[in-house]
Amino acid sequence: MDVSIRNVRKEFDRFPALHNVSLDIHSGELIALLGPSGSGKTTLLRLIAGLETPTDGSIYFGPEDASLKSVQERNVGFVFQHYALFRHMTVAENIGFGLKVRKGNDRPPNEQIRKRALELLDLVQLSGLENRYPNQLSGGQRQRVALARAMAIEPRVLLLDEPFGALDAQVRRELRRWLREIHDTTGHTTVFVTHDQEEALELADRVVVMSQGRIEQVGTADDAYDRPNSPFVYGFIGDSSTLPVRVENGEIWLADRTVGLQVNDVPDGNASLYFRPHDITLLDGCGGCIAGTVATSRRVAGTRRVELEVGGSQHRVEIELPIEHVAAERSRIAFRPTRWKVFPDAQDSTA
Ligand SMILES: Nc1ncnc2c1ncn2[C@@H]1O[C@H](COP(=O)(O)OP(=O)(O)O)[C@@H](O)[C@H]1O
Ligand SMILES: [Mg+2]
């Protein structure tokens with residue numbers, strides 16, 4: 001089911017939790033909402049579900065305006081971080097619950113509900129545990145049951161709010177791969193909320209990076225990592241280095257030296273240069289480069305991470321070098337970013 005969020009604003013007692021948010025979720029895709037705590041991820045998810053109503057704007061499920069529909073009518077499946085299973089129900093009863101509470105002709109016969117529960121249990125790789133109670137399961141197993149329960153109603157959209165947030169790192173990684181496999185099998189349109197960039201980048205077809213009630217960027221993991229479109233995304237995803245620069249006639253200057261990079265879409269004036277530590281090339285001489293003095297150098301797995309002082313001790317940037325590079329302390333290194341971006345200072349993020 002395509003879901004289209006159109007100019008949605010959400011206020012709680014005049015506090016804007018979401019500004020003007022628009023997003024098209026494609027049928028069958030697994031999309032991750034990624035952002036720090038308080039950025040509006042859960043609010044957006046609850047709006048899609050119908051647990052909240054937008055202050056402004058609308059939400060479409062396919063061609064129909066779902067803004068006016070109830071949670072039940074939207075037929076969405078949910079998993080939350082602490083969405084406790086019903087303690088007094090077995091695993092099979094938990095999974096079948098959403099079908100069992102249906103009314104009239106919509107309610108399948110008992111044996112069919114049980115059959116569906118067992119199929120789903122098989123899908124989430126917990127066959128044989130149907131008669132257990134939730135307190136007889138591990139945390140990871142419980143979240144698998146929660147997902148099976150969410151899928152039992154054949155939801156038009158699956159909404160997962162930090163479903164692995166309470167589990168330890170090892171289990172999280174396993175469940176991440178497992179969820180991706182399930183998604184590839186079932187093809188549910190899925191919205192996955194997380195504040196963990198690794199989880200989002202590994203799991204999702206597309207990542208929606210959020211900050212302070214706004215969408216900063218929508219794209220694939222490669223887009224977010226290789227082509228960040230704001231200082232926030234540079235800082236939030238992966239490692240980045242930044243330097244204060246000046247733009248003059250499209251030429252980038254660092255203090256009294258040109259960096260050897262040109263821009264054509266940034267106005268003259270003060271700006272900030274961003275790049276990833278590994279997106280650089282070393283230079284011998286410096287007729288247009290960034291030069292610095294090695295402050296620290298450490299080996300990180302297969303590469304060398306070097307911190308350079310640039311312009312006296314005023315600014316520090318991190319660059320990544322081949323392990324063979326000695327990078328002796330206090331030695332001079334000249335480089336130029338290969339992939340980078342310049343953002344004008346005092347840029348209004350609401351623009
Ligand atoms: N029911 C509510 N009443 C008042 N403020 C809320 C409510 N729900 C969320 N907020 C506020 O909206 C902002 C976004 O919250 P939320 O969507 O939960 O963020 P996230 O899930 O990204 O951590 C936060 O500042 C939060 O305090
Ligand atoms: Mg949240």
Side-chain angles (χ1 to χ4, degrees), residues 3-25 30-59 66-67 70-71 74 76-85 139-140 142-143 146-147 149-150 155 157-169 171-172 175-176 179 189-204 206-219 221 224 228-238 349-350:
V3 177
S4 174
I5 295 147
R6 304 186 186 169
N7 306 310
V8 164
R9 176 178 181 81
K10 179 63 185 176
E11 289 178 8
F12 294 106
D13 307 323
R14 296 279 182 87
F15 171 82
L18 290 176
H19 296 271
N20 186 20
V21 168
S22 293
L23 175 67
D24 283 314
I25 300 166
L30 200 175
I31 204 160
L33 307 182
L34 171 66
S37 175
S39 55
K41 308 180 296 293
T42 295
T43 301
L44 185 52
L45 206 69
R46 290 172 59 84
L47 283 160
I48 297 172
L51 292 165
E52 303 282 358
T53 44
T55 308
D56 262 320
S58 45
I59 293 170
S67 317
S70 70
V71 180
R74 292 188 200 194
V76 295
F78 265 116
V79 181
F80 298 112
Q81 183 173 335
H82 296 291
Y83 195 22
L85 298 170
R142 270 182 232 160
Q143 288 308 71
L147 186 72
R149 180 170 66 178
V157 186
L158 257 183
L159 304 172
L160 315 178
D161 195 352
E162 314 229 9
F164 310 144
L167 306 171
D168 66 52
V171 177
R172 285 175 78 119
L175 285 188
R176 196 185 299 170
L179 178 67
T189 309
T190 304
V191 187
F192 185 98
V193 164
T194 180
H195 64 267
D196 177 341
Q197 52 167 295
E198 200 181 298
E199 194 163 82
L201 296 177
E202 191 179 315
L203 189 62
R206 288 193 303 155
V207 177
V208 178
V209 185
M210 297 182 66
S211 164
Q212 299 185 359
R214 288 191 172 83
I215 292 180
E216 290 272 334
Q217 183 163 1
V218 183
N229 65 2
S230 72
F232 176 83
V233 179
Y234 260 109
F236 188 69
I237 294 181
S349 64
T350 59

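Read the numbers this way: they start at 1 and go in the same order the structure lists the ligands and their atoms.
The backbone N or O of Ala66 sits less than 3.5 Å from a side-chain atom of Arg74, completing a donor-acceptor pair. Lys41 places no side-chain N or O within donor-acceptor distance of the main-chain N or O of Phe192, the cut-off being under 3.5 Å. A distance-only check finds a donor-acceptor pair linking the side chain of Gln217 to the backbone of Asn229 [under 3.5 Å]. Without hydrogens or angle criteria, Arg9 side chain to Gly57 main chain gives no donor-acceptor distance under 3.5 Å. Under a 3.5 Å cut-off, the side chain of Gln197 and the backbone N or O of Gly238 do form a donor-acceptor pair.
Closest protein heavy atom to atom 22 (O) of ligand 1: Lys41 NZ, 2.8 Å. Taking atom 18 (O) of ligand 1 as the reference point, the nearest protein heavy-atom neighbour is Thr42 CB, 3.7 Å. Looking at atom 11 (C) of ligand 1, its nearest protein heavy atom turns out to be Phe15 CE2, 4.0 Å. Taking atom 19 (O) of ligand 1 as the reference point, the nearest protein heavy-atom neighbour is Gly40 N, 3.2 Å. Considering only non-hydrogen protein atoms, atom 16 (P) of ligand 1 sits nearest to Thr43 OG1, 3.7 Å. The nearest protein atom to atom 9 (C) of ligand 1, hydrogens excluded, is given as Phe12 CE1, 3.5 Å; this is a heavy-atom distance.
Side-chain atoms of Thr194 and Glu199 include a donor-acceptor pair closer than 3.5 Å.
Here Thr43 does not reach the Mg ion (ligand 2): none of its N/O/S atoms is less than 2.8 Å from the metal.
Listed by atom number, the atoms of ligand 1 under 4.0 Å from Ala17 heavy atoms are 12 (O), 13 (C). Within ligand 1, the atoms closer than 4.0 Å to a non-hydrogen atom of Pro36 are 22 (O), numbered from 1 in the order shown.
Protein heavy atoms all stay at least 4.0 Å away from atom 26 (C) of ligand 1. Within a 4.0 Å radius of atom 3 (N) of ligand 1, the protein has at least one heavy atom.
Taking a 6.0 Å sphere around CD of Gln212, one finds it holds 12 or fewer heavy atoms contributed by other residues, nucleotides or ligands.
Expressed to the nearest 0.5 Å, how far CE of Met210 lies from CD of Glu216 amounts to 10.0 Å.
In the candidate list Gly38, Ser211, Gly35, Gly38 is nearest to atom 20 (P) of ligand 1, counting heavy atoms.
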